[in-house]
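Ligands are counted one by one from 1 in listed order, and the atoms in each one are counted from 1 as well. One-based numbering along the sequence shown.
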Amino acid sequence: MDIILTADRPTGKLHLGHYVGSLKRRVELQNSGKFDKIYVMIADAQALTDNADNVEKIRNSIQQVALDYLSCGLNPEKSTIFIQSQIPELCELSFYYMNLVTLSRLERNPTVKNEIKLRDFKQSIPVGFLTYPISQAADITAFKANTVPVGEDQLPMLEQAREIVRSFNTTYAPVLIEPQAVLPDNKLCARLPGLDGANKMSKSLGNCIYLSDSAAEVKQKVMSMFTDPTHLRVEDKGHTKDNPVFIYLDAFAKDEHFGAFWPEYQNLSELKAHYERGGLGDMKVKKFLNQVLEATLEPIRARRAEFEKDIPAVFEMLKKGSLEAREQAAQTLDDVKTAMGINYFK
Ligand code: ATP
Ligand code: MG
């Protein structure tokens, strides 16, 4: 059986980083017909681990994320889209997995370390936040997923989940499946930087182009993007490396975009060469980047407008998905309890 699980935290609307890092791949995998089951989870319980006092934000974001999914082409006929908190079996699984993980191992997890720093928790780290890699292992194993399409920031999470699986399977009985991460083919898409060019694009950092931004918002964000600080006049030689505008072009531009929007160049290498030898202004490059991004965003925006017309149908879809997901998670929990020898009344 080939089974996928992927998830997003409903801490805001989804952005271009999600699209290239994970969403686009999910839709391709969904449509490949190669998978027996695809589970797509809105991780609200996980989002609460660092938003305990902001339930309102999480609740509102569930609808946004569901609309983002549908408008990017996730199809509830082919994928089970569900809400994490509606599957209580996941908490039970986490509770047993907690006994297989040490505190020092959690503290060593590079993603957790980095996120603690970004969130400025200092000594006040919520226990739920520190242990979220364990709950993530529960999410993946509950659905017996062997494939997890993610961005690079999630690799240490996957490694931790694999360790938990191995530990469970050797301690009790081999009932859990070890998952594999699937990264985007394009290295740059595995960790798309934000508009600031410094950190990865992340909802929590406010450096995003959202899939639901209007054309005017996208344009404004692109036009005010950071570029090469040494490229002051058009005649100056420019740098394309570490230049966010070119990083985005590397991630999004295809040869056909040149034909359609900027026939002066055949491809990105030619454009880069011109920028590097001087004589090409940032505004022109940004205008092209805006057109390239719109080629992806415009169809997503149009589909979103359609789904927005019937919000109750979106929630009905989530409810149906959650019921279906719960059945599978209950089955796994039963296997786990049997493996552990705590299914006393069976
Ligand atoms: P938060 O700041 O709330 O953690 P986020 O923007 O990091 O939000 P997540 O919901 O944590 O988004 O991530 C969902 C998925 O999107 C994960 O698979 C993650 O690897 C991927 N992803 C997130 N940001 C990027 C990015 N900038 N580039 C590539 N992939 C990304
Ligand atoms: Mg994140």
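On a distance-only criterion, M201 and ligand 1 share at least one N/O pair closer than 3.5 Å. Where the criterion is an N or O separation shorter than 3.5 Å, residue side chain and backbone included, Q154 fails it with respect to ligand 1. Polar contact check, L192 against ligand 1: a nitrogen or oxygen pair lies under 3.5 Å apart. Polar contact check, G17 against ligand 1: a nitrogen or oxygen pair lies under 3.5 Å apart.
Every atom of ligand 1 is numbered from 1 in the order shown, and the set under 4.0 Å from a heavy atom of G151 is 18 (O), 19 (C), 20 (O), 30 (N).
Counting heavy atoms only, H18 comes closest to atom 13 (O) of ligand 1 of the residues K13, R26, H18, R25. Closest to atom 7 (O) of ligand 1 by heavy atom, among Q46, K200, K203, is K200.
The closest side-chain donor-acceptor pair between E28 and S32, if any, does not fall under 3.5 angstrom. Inspection of the N75 and Q30 side chains reveals no N or O donor paired with an N or O acceptor under 3.5 Å.
Under 4.0 Å from ligand 1, not a single heavy atom of P193 appears. Counting heavy atoms under 4.0 Å from ligand 1, residue D153 touches it through the side chain alone. At a heavy-atom cutoff of 4.0 Å, ligand 1 is contacted by the side chain of R119 but not by its backbone. Neither the backbone nor the side chain of A43 comes within contact range of ligand 1; no heavy atom lies under 4.0 Å. The proximity of C208 to ligand 1, defined as any non-hydrogen pair under 4.0 Å, does not occur for either the backbone or the side chain.
Note that CG of N51 and CZ of R59 are 13.5 Å apart. Values are rounded to the nearest 0.5 Å.
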- side chain to side chain contact (heavy atoms under 4.5 Å, CB included) evaluation trace for F258 with E270: CA-CA 10 Å; F258 287 91; E270 283 187 21; over 6 Å; no
Donor-acceptor list for residues 250-257 side chains, cut-off 3.5 Å, not counting sequence neighbours:
from, atom 1, to, atom 2, distance (Å)
D250, OD1, K272, NZ, 3.0
D250, OD2, K272, NZ, 3.2
H257, ND1, K254, N, 2.9

For residues 285-294, which side-chain N or O atoms pair as donor and acceptor with protein atoms under 3.5 Å away, sequence neighbours left out?
from, atom 1, to, atom 2, distance (Å)
K286, NZ, M223, O, 2.8
K286, NZ, M225, O, 2.8
E294, OE1, R301, NH1, 2.9
E294, OE1, R301, NH2, 3.4
E294, OE2, R301, NH2, 2.9

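In this structure, L70 is a member of the same hydrophobic cluster as L23, with clusters built from ILVMFWY side-chain heavy atoms closer than 4.5 Å.
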